[in-house]
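All values below come from the heavy atoms of this structure, side chains included, with hydrogens, waters and symmetry mates left out.
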There are 2 protein chains.
Amino acid sequence: MTRILIADDHDVVRSGLHTILSAQPGWEVVAEAEDGRQAVQLATDTQPTVAILDYRLPSLNGVDATREIRAIAPQTEVLIFTMHESEPLLRELLEAGARGYLLKSDARKFLIAAVESLALHKPFFTGKISETLLSAYLSHGHVSDGALTTRERSVVQLIAEGHSNKEVAQMLGINPKTVESHRATAMRKVDVTSTASLVRYAIRNGLIEP
Amino acid sequence: MTRILIADDHDVVRSGLHTILSAQPGWEVVAEAEDGRQAVQLATDTQPTVAILDYRLPSLNGVDATREIRAIAPQTEVLIFTMHESEPLLRELLEAGARGYLLKSDARKFLIAAVESLALHKPFFTGKISETLLSAYLSHGHVSDGALTTRERSVVQLIAEGHSNKEVAQMLGINPKTVESHRATAMRKVDVTSTASLVRYAIRNGLIEP
DNA sequence: CCGCAATTGGGGAAAACCCTGAGTTTCGCC
DNA sequence: GGCGAAACTCAGGGTTTTCCCCAATTGCGG
């Protein structure tokens with residue numbers, strides 16, 4: 001019996017997944033969560049075979065939820081279900097322990113195959129970026145650092161949220177000049193020349209909410 | 001018999017809507033479209049009572065699809081189904097002829113009620129902004145202009161795309177100082193104090209794509 | 001004709017941006 | 001344990017861009 005947990009904040013999506021998955025012989029949806037915390041809680045309680053998590057979840061996002069579920073229920077495989085393909089996101093997810101990545105637009109074609117694969121503890125990924133990144137991960141045990149370092153990401157995040165260099169410096173407890181430095185290298189790395197473009201980058205890659 | 005058309009690019013969402021709606025006695029889903037053009041085509045063919053359109057649709061967005069459907073199948077009521085609540089968007093939709101606006105997060109509570117209402121040719125809207133805006137529309141036949149003027153919107157748009165004041169000035173054929181001015185008033189109007197926040201506003205309200 | 005808002009600008013202070021250099025953890029690796 | 005690479009930390013000193021007050025000009029509706 002393949003036991004499945006569904007976590008998505010939109011009940012319409014949950015209904016859709018539920019009907020599609022329940023139609024498969026031997027598959028059972030054992031829990032539905034509408035936010036991250038609930039997903040972790042239900043995963044603990046039900047110990048499902050596969051947990052399907054939307055990346056955008058209230059209270060606890062997909063990455064953090066993945067990390068917690070992997071810690072609490074190690075035999076549960078996590079399938080991330082998301083709108084857009086983002087490389088930094090995928091990287092984080094791999095580190096967090098997700099073993100599947102399914103684009104919402106690929107759902108019809110690959111949903112069954114993805115869950116099937118995860119149930120056998122084999123990874124499953126869709127999308128252009130996925131193949132290269134996944135093979136790199138499987139051969140090295142980790143993926144090379146993304147465009148931005150941790151510090152750079154924090155800075156970009158706070159900047160994109162509307163804070164000035166000075167404010168960011170205070171929040172992080174460092175010198176404004178250092179913030180400038182991180183900001184500058186980050187901007188060079190992602191190849192933009194204005195704050196506006198940097199904000200768009202941050203939003204596209206899920207560093208902040210629009 | 002209430003005949004329903006569903007248009008959404010994610011098949012999971014279509015499945016969800018389908019199962020929920022079909023469960024209602026007297027309701028029938030007569031068509032499913034995965035993009036805007038197909039929705040218009042199917043609306044022409046099937047002449048449904050209610051058309052449920054996702055706002056984000058490939059090939060033809062929700063607003064344009066609404067306009068065409070209202071022109072071709074005037075007795076079909078259009079219900080827009082969307083993630084976020086955006087005032088400018090709602091404004092456009094009202095002008096285009098939509099009679100319903102349903103947030104995806106409100107789906108479980110209000111989906112049935114919304115379709116029911118539209119089938120009786122009564123408007124149905126969820127969300128905070130909706131009430132005030134709708135009543136204004138019903139009493140005046142149109143809605144007053146949004147927060148930003150035309151010029152201000154253009155400027156914000158170009159700024160958010162990553163252009164500097166100087167570049168924007170060249171594109172619009174005006175003095176950089178004038179661009180600054182529009183930018184400043186726009187920022188006061190939408191109540192932000194940094195470029196970053198302005199870009200987020202632009203993205204939230206659909207002035208530009210992320 | 002008068003008001004009011006949109007559009008157009010100026011001047012000056014503040015912040016962001018660019019380049020260069022350099023000290024100090026931090027981490028993987030032999 | 002030592003060694004190198006990369007990350008994190010700041011500084012100086014410059015240019016460019018935002019940001020915030022203000023004022024003049026259109027233009028449209030009461």
* Structure fact -> 5' to 3', nucleotides 24-30 of chain D under a 4.0 Å protein heavy-atom cut-off (B base, S sugar-phosphate only, - none) gives -------
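- Closest approach to the B:R183 side chain among C:dA6, C:dC18, D:dC19 is made by D:dC19 (side chain taken as heavy atoms from C-beta onward).
- Between A:R56 and A:D35, no side-chain nitrogen of the basic residue sits less than 4.0 Å from a carboxylate oxygen of the acidic one, so the salt-bridge criterion is not met.
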* Could you check A:D54 against A:K104 for salt bridge (Lys or Arg N to Asp or Glu O under 4.0 Å), going step by step and ending with a plain yes or no? => CA-CA 9 Å; A:D54 186 13; A:K104 288 198 177 174; 3.7 Å; yes
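- Among the nucleotides C:dA6, D:dC19, C:dG9, the one closest to any side-chain atom of B:T149 is C:dA6.
- Between A:T178 and D:dT9 there is no side-chain N or O to OP1 or OP2 distance below 4.0 Å.
- Within 4.0 Å of B:T195, counting heavy atoms only, lie sugar-phosphate atoms of the nucleic acid but no base atom.
- Among the nucleotides C:dT7, C:dC17, D:dC8, the one closest to any side-chain atom of A:H182 is D:dC8.
- Summarising the geometry, the separation between CE on A:M187 and P on C:dA16 is reported as 11 Å, rounded to the nearest angstrom.
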* Output, in order, the C-alpha distance, side-chain angles, deciding distance and verdict of salt bridge (Lys or Arg N to Asp or Glu O under 4.0 Å) for B:R70 and B:E77. => CA-CA 8 Å; B:R70 294 293 299 170; B:E77 297 290 359; 3.6 Å; yes
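- Atom CG of B:L148 is separated from atom C1' of C:dA6 by 13 Å (rounded to the nearest Å).
- Atom CD of A:Q75 sits in a crowded spot, with more than 12 heavy atoms from other residues, nucleotides or ligands closer than 6.0 Å.
- A:S197 and A:S194 form a side-chain donor-acceptor contact under 3.5 Å, judged by distance and modelled atom types alone.
- Taking a cutoff of 4.0 Å between a charged side-chain nitrogen and a carboxylate oxygen, A:E34 and A:R14 qualify as a salt bridge.
- None of B:K189, B:H182, B:R183 except one satisfies the side-chain hydrogen bond (donor to acceptor under 3.5 Å, both in side chains) rule with B:E152; the exception is B:K189.
- Counting to the nearest Å, the C1' atom of C:dA22 and the CD atom of A:E180 are 17 Å from each other.
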* To do: Begin with the C-alpha distance, continue with both residues' side-chain angles, and end with the deciding distance and a verdict on side chain to side chain contact (heavy atoms under 4.5 Å, CB included) for A:Y101 and A:L79.
  => CA-CA 6 Å; A:Y101 186 84; A:L79 173 65; 5.8 Å; no
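- Rounded to whole Å, the P atom of C:dC18 lies 15 Å from the corresponding atom of D:dC19.
- Listed by residue number, B:I174, B:N175, B:K177 are the residues of residues 155-177 of chain B with a heavy-atom contact under 4.0 Å to DNA chain C.
- Surrounding CZ of A:R204 are more than 12 heavy atoms belonging to other residues, nucleotides or ligands, all under 6.0 Å away.
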